[in-house]
K.L.:
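Can you read through this structure? Questions will come right after.
Since we're looking at a predicted model, the values are computed, not measured. Sequence lines set the chain letters: A, B, ... in the order given, protein chains first and strands last, and positions in each chain run from 1.
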Protein chains: 2
Amino acid sequence: MNIRELARRSGVSTATVSRALNDRAEVSEATRARIRQLASELGYAPNEPARTLVRRRSDTIGLIWDSGQEAQGLHNPFLLGLLSAVRTALSEADYHLMLLTAPGPDDPDAAHLQAVRRHNLEGVIVLTTPPDDRCLRVLAASAVPCAGIDTAFTGPRTVRVSSDNAAGAEAAVEHLYALGHRRIATITGPLHLPPAAERLAGYQRACARLGLPVPPSYVTEGDFFLDSGVAAGRRLLAVAERPTAIFAAGDQMAVGAMHAAADAGLSVPRDLAVVGFDDIDAAALVRPALSTVAQDQRGLGEAAVAALRGLIDAAPVDTAEPRIIPTRLLIRGSSRPGA
Amino acid sequence: MNIRELARRSGVSTATVSRALNDRAEVSEATRARIRQLASELGYAPNEPARTLVRRRSDTIGLIWDSGQEAQGLHNPFLLGLLSAVRTALSEADYHLMLLTAPGPDDPDAAHLQAVRRHNLEGVIVLTTPPDDRCLRVLAASAVPCAGIDTAFTGPRTVRVSSDNAAGAEAAVEHLYALGHRRIATITGPLHLPPAAERLAGYQRACARLGLPVPPSYVTEGDFFLDSGVAAGRRLLAVAERPTAIFAAGDQMAVGAMHAAADAGLSVPRDLAVVGFDDIDAAALVRPALSTVAQDQRGLGEAAVAALRGLIDAAPVDTAEPRIIPTRLLIRGSSRPGA
DNA sequence: CGGCCGATCGGAAACGTTTACGGCACTAGG
DNA sequence: CCTAGTGCCGTAAACGTTTCCGATCGGCCG
């Protein structure tokens, strides 16, 4: 069932069928309707590879997900929401989505570029965090349109999309301040990761603005995982001027801090208030439920797609400044006195 | 940079280049090496759409993820591991992966079939659970090779892959029995879902084998989410002959049961042992950590890919019997007296 | 009435591969 | 020396589209 067969049955040429199905103007309304009707009756589906070949564009974008095998980001449920948002936004823009495979060990950097060329991909969305976004370097150098979420790399045709980590952290601190807390400590992520550094900066800025003291012992580093949060919580609770609230740059670490508090015989939120970041599934499951700064996954995905489309259509887009998506503070039991 | 250009520079015909790059036998080792070398120097990547067009196979399989928009299964972190496993297995088999978009509201059923035809997809992997796997019906009717994980639909060229839900449930009950528990209740999922029904069957079989009584009040239904687990836990704890252990068919419900126990002033695992199913991220975060039956996501993904490849290569595969993948019991604090 | 223009369509050439078929050179066997 | 066979390679025809370039046919204007 190809276009030739459809043309034969419609009594027109393949050129006319193509024009009819692609909504070109040079076809009378009558024949267009007739062809359309017949096509849907016969279940005709145009052959995309053939279209791609002659049009030299595939209407397909690639998605790079994790560069290494079994990267830790993989288990981040945050990724799933992002993936869903990206897919939805892309399908609304009539783009197809191809999941790029992790590069083999032989040619790790060029692999993605090869894939882009092989499939005529028009752009790439990158969901890996630094330093795994190195693969972006080769793509950017080849002027492939790229949109990265929480990536660090920049290039002539790459845009970056990111949550407003600083503002989110500020909102968390302000919330704790409004509850009456004056001794607010923080657990950071690995500070070489931009989101971790930005969240710390937001914490510091809010404290400065509110006139809160931030002794060095109030800032301690974790690795975003549970155990580091427990350890960091223990360190913070051992400080002489014990903090009454903790802002953790990640939910798992926040839960860890709650564990540390429980181990020390402290009650959350009475003796210690805790606010996390990311709104992972578990945040709503623990007791008390964890207050947290939620990222707008849908917003991030849509912004990435919108920026990528601009890049593809050669619209004038600003590739220097990252797109910043607002966050939302979810107040739950871990910072609600009444709970 | 096409094959013609590469042929010109190598001083051979395009046919020879094609044969050299595709490892065909009719090329001398010397010219093959020369062409290979030149190709990698020039960064030549064969045009897949053109290959697909002439070879009439795309080396690409489609992935259907959720048929409806924002289906609940989407937030299941289980899906992410599955997706990763599928992708890895496929890339090892030199297949490309295309994420199929959710069908529009106009033609929900035929959409996926259209996509398969358009892109020349050789097979489809379905990650949606019933009743959302209705889209499989059309695909199966068209003899498209399909592999579904936890799907219910069956067809001439569709294989089903599933965890050994019954055995997993049995193992959980046996574990509780070995700890000395004799009054073991269960919280089921919606029983129209095969996994929920199978887990209940496993529970019942184990109880029967071990000679444990199962009064009707010991079996109560939830919807796999947290709140239903809390409610179910309350119901079970109000039973006259109060159970000392609960097997929940899902982790969120298990956590809910733990909340209900805490509300009733009971200590887990001293007064009540709890075992869940699925090993969601939160299972390791709650306190006490939740014992659970973990599904082998990698095994499921690899089995689905292997079965699909058999289907594609027209190997004789048994489409009647589902592939059953073993589960693994993770014993954590919620059922460990020492904890 | 002649020429021009717009609307509608068909013919045919691309797009970048793979592969059937045939050709050439060389070797082996008679 | 002739023939068959083998190893290597080139020619050209496909694959299913889109689109450039004309062609035809009215209608309209001068």
Side-chain angles (χ1 to χ4, degrees), chain A residues 1-40 42-60 94 96 114-122, chain B residues 1-40 42-60 94 96 114-122:
Chain A
M1 190 65 241
N2 34 0
I3 201 178
R4 208 146 31 214
E5 177 69 10
L6 184 55
R8 199 181 59 73
R9 300 215 200 187
S10 321
V12 294
S13 73
T14 64
T16 302
V17 173
S18 172
R19 284 188 278 246
L21 295 180
N22 289 348
D23 270 326
R24 292 235 170 289
E26 320 94 312
V27 186
S28 78
E29 210 39 64
T31 52
R32 183 196 309 280
R34 187 160 43 90
I35 292 173
R36 277 248 146 89
Q37 168 71 17
L38 204 57
S40 103
L42 298 178
Y44 167 74
N47 184 304
E48 286 295 339
R51 296 188 75 218
T52 299
L53 186 57
V54 60
R55 293 195 317 148
R56 334 195 87 196
R57 54 175 302 181
S58 59
D59 293 333
T60 303
D94 277 323
H96 306 127
Q114 290 269 333
V116 168
R117 290 230 227 282
R118 281 163 68 111
H119 298 283
N120 272 7
L121 300 183
E122 304 186 17
Chain B
M1 189 66 242
N2 33 358
I3 201 178
R4 208 143 36 210
E5 177 68 9
L6 185 55
R8 199 181 59 73
R9 300 215 200 188
S10 319
V12 295
S13 73
T14 64
T16 302
V17 173
S18 173
R19 284 188 277 245
L21 295 180
N22 289 348
D23 271 325
R24 292 233 169 293
E26 320 94 310
V27 186
S28 77
E29 209 40 63
T31 52
R32 182 195 309 280
R34 188 160 44 87
I35 293 173
R36 277 247 145 90
Q37 168 73 16
L38 204 57
S40 103
L42 298 177
Y44 167 75
N47 185 305
E48 286 295 339
R51 297 188 75 219
T52 298
L53 185 56
V54 60
R55 292 195 315 149
R56 334 194 87 193
R57 56 175 301 182
S58 60
D59 293 333
T60 302
D94 277 321
H96 307 127
Q114 290 269 334
V116 168
R117 293 237 168 88
R118 281 163 70 109
H119 297 283
N120 271 4
L121 300 183
E122 304 187 16

K.L.:
Return the nearest nucleotide to the side chain of L53(B); candidates are dC9(D), dC15(C), dG16(D).
P.N.:
dG16(D)
K.L.:
Reckon T31(A) has a side-chain N or O less than 4.0 Å from the OP1 or OP2 of dC9(C)?
P.N.:
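Yes, T31(A) has a side-chain N/O under 4.0 Å of OP1/OP2 on dC9(C).
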K.L.:
Within the structure, does a side-chain N or O atom of N22(B) lie under 4.0 Å from either OP1 or OP2 of dT18(C)?
P.N.:
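Answer yes for this pair, as a side-chain N or O of N22(B) is under 4.0 Å from OP1 or OP2.
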K.L.:
Is the distance from OP1 or OP2 of dT17(C) to the nearest side-chain N or O of T52(B) less than 4.0 Å?
P.N.:
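No, outside the criterion.
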K.L.:
In whole Å, what is the span from the CG atom of D23(B) to the P atom of dT19(C)?
P.N.:
13 Å
K.L.:
Under 4.0 Å between a side-chain N or O of R56(A) and OP1 or OP2 of dG16(C)?
P.N.:
yes
K.L.:
Below the 4.0 Å mark, does dG11(C) have OP1 or OP2 next to a side-chain nitrogen or oxygen of S13(A)?
P.N.:
no
K.L.:
Would you mind reading off the distance between R55(A) atom CZ and dC15(D) atom C1', rounded to a whole angstrom?
P.N.:
18 Å
K.L.:
Calculate the interatomic distance between R4(B) atom CZ and dT18(C) atom P; express it in whole Å.
P.N.:
13 Å
K.L.:
I want to check something: taking the side chain as every heavy atom from C-beta on, are E122(A) and D59(A) in contact at a cut-off of under 4.5 Å?
P.N.:
yes
K.L.:
Please state how far atom CD in E26(B) lies from atom P in dG23(C), giving the value in whole angstrom units.
P.N.:
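Answer to the nearest Å: 18 Å.
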K.L.:
Does a nitrogen or oxygen in the side chain of R51(A) sit under 4.0 Å from OP1 or OP2 of dT18(D)?
P.N.:
yes
K.L.:
Should we say atom CZ of R24(B) is surrounded by more than 12 heavy atoms from elsewhere, each under 6.0 Å from it?
P.N.:
no
K.L.:
If each of R24(B) and V17(A) is mapped to the nucleotide of DNA chain C with the nearest heavy atom, which maps nearer the 5' terminus, i.e. the 5' end?
P.N.:
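The residue whose closest nucleotide sits nearer the 5' end is V17(A).
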K.L.:
Mind listing the closest non-hydrogen atom pair of T52(A) and P49(B) along with its distance?
P.N.:
CG2-CG, 3.7 Å
K.L.:
To the nearest Å, how far apart are E29(B) CD and dC8(D) C1'?
P.N.:
13 Å
K.L.:
Any N or O donor-acceptor pair linking the side chain of R19(A) to the base of dG10(C) at under 3.5 Å?
P.N.:
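Yes, the side chain and the base share a sub-3.5 Å donor-acceptor pair.
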K.L.:
Heavy atoms only: give me the nearest L42(B)-R9(B) pair and the separation to one decimal.
P.N.:
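Closest heavy-atom pair between L42(B) and R9(B): CD2-NH1, 3.9 Å.
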K.L.:
Let's see if you can work this out: which of dT17(D), dC15(D), dT17(C) has an atom nearest to the side-chain heavy atoms of Y44(B)?
P.N.:
dT17(C)
K.L.:
Under 4.0 angstrom, heavy atoms only, what part of the nucleic acid is P46(B) near: base, sugar-phosphate, or nothing?
P.N.:
sugar-phosphate
K.L.:
Closer than 4.0 Å, any side-chain N/O of N47(A) to the OP1 or OP2 of dG16(D)?
P.N.:
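For dG16(D), neither OP1 nor OP2 has a side-chain N or O of N47(A) closer than 4.0 Å.
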K.L.:
Can you confirm whether N2(B) sits close enough to N47(B) that some side-chain heavy atom of one is under 4.5 Å from a side-chain heavy atom of the other?
P.N.:
no
K.L.:
Taking the side chain of A15(B) as heavy atoms from C-beta outward, which of dC15(C), dT17(D), dT11(D) is closest to it?
P.N.:
dT11(D)
K.L.:
Between atom CZ in R57(B) and atom P in dT17(C), what is the gap in whole Å?
P.N.:
19 Å
K.L.:
What are the two closest heavy atoms between M1(A) and Y44(A), and how far apart are they?
P.N.:
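So the minimum-distance heavy-atom pair works out to O-CD1, 3.7 Å.
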K.L.:
Between S28(B) and T16(A), who's closer to the 5' end of DNA chain D by nearest nucleotide?
P.N.:
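Looking at the nearest nucleotide for each, S28(B) comes out on the 5' side.
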K.L.:
Name the closest nucleotide to the V54(B) side chain, picking from dG16(D), dA14(D), dT19(D).
P.N.:
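When the side chain of V54(B) is considered, dA14(D) is the closest of dG16(D), dA14(D), dT19(D).
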K.L.:
Given atom CG of N2(B) and atom P of dC15(C), what is their separation to the nearest angstrom?
P.N.:
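So the CG-P distance, N2(B) to dC15(C), works out to 8 Å.
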K.L.:
For a quick check of understanding: with a heavy-atom distance under 4.0 Å over all strands, which category does S18(A) fall into, base, sugar-phosphate or nothing?
P.N.:
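Base: the residue S18(A), judged by heavy atoms under 4.0 Å, touches a nucleobase.
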K.L.:
In whole Å, what is the span from the CD1 atom of I35(A) to the P atom of dC9(C)?
P.N.:
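Result: 8 Å.
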K.L.:
From dT17(D), dT17(C), dT18(D), pick the nucleotide closest to the side chain of I3(B)?
P.N.:
dT17(C)
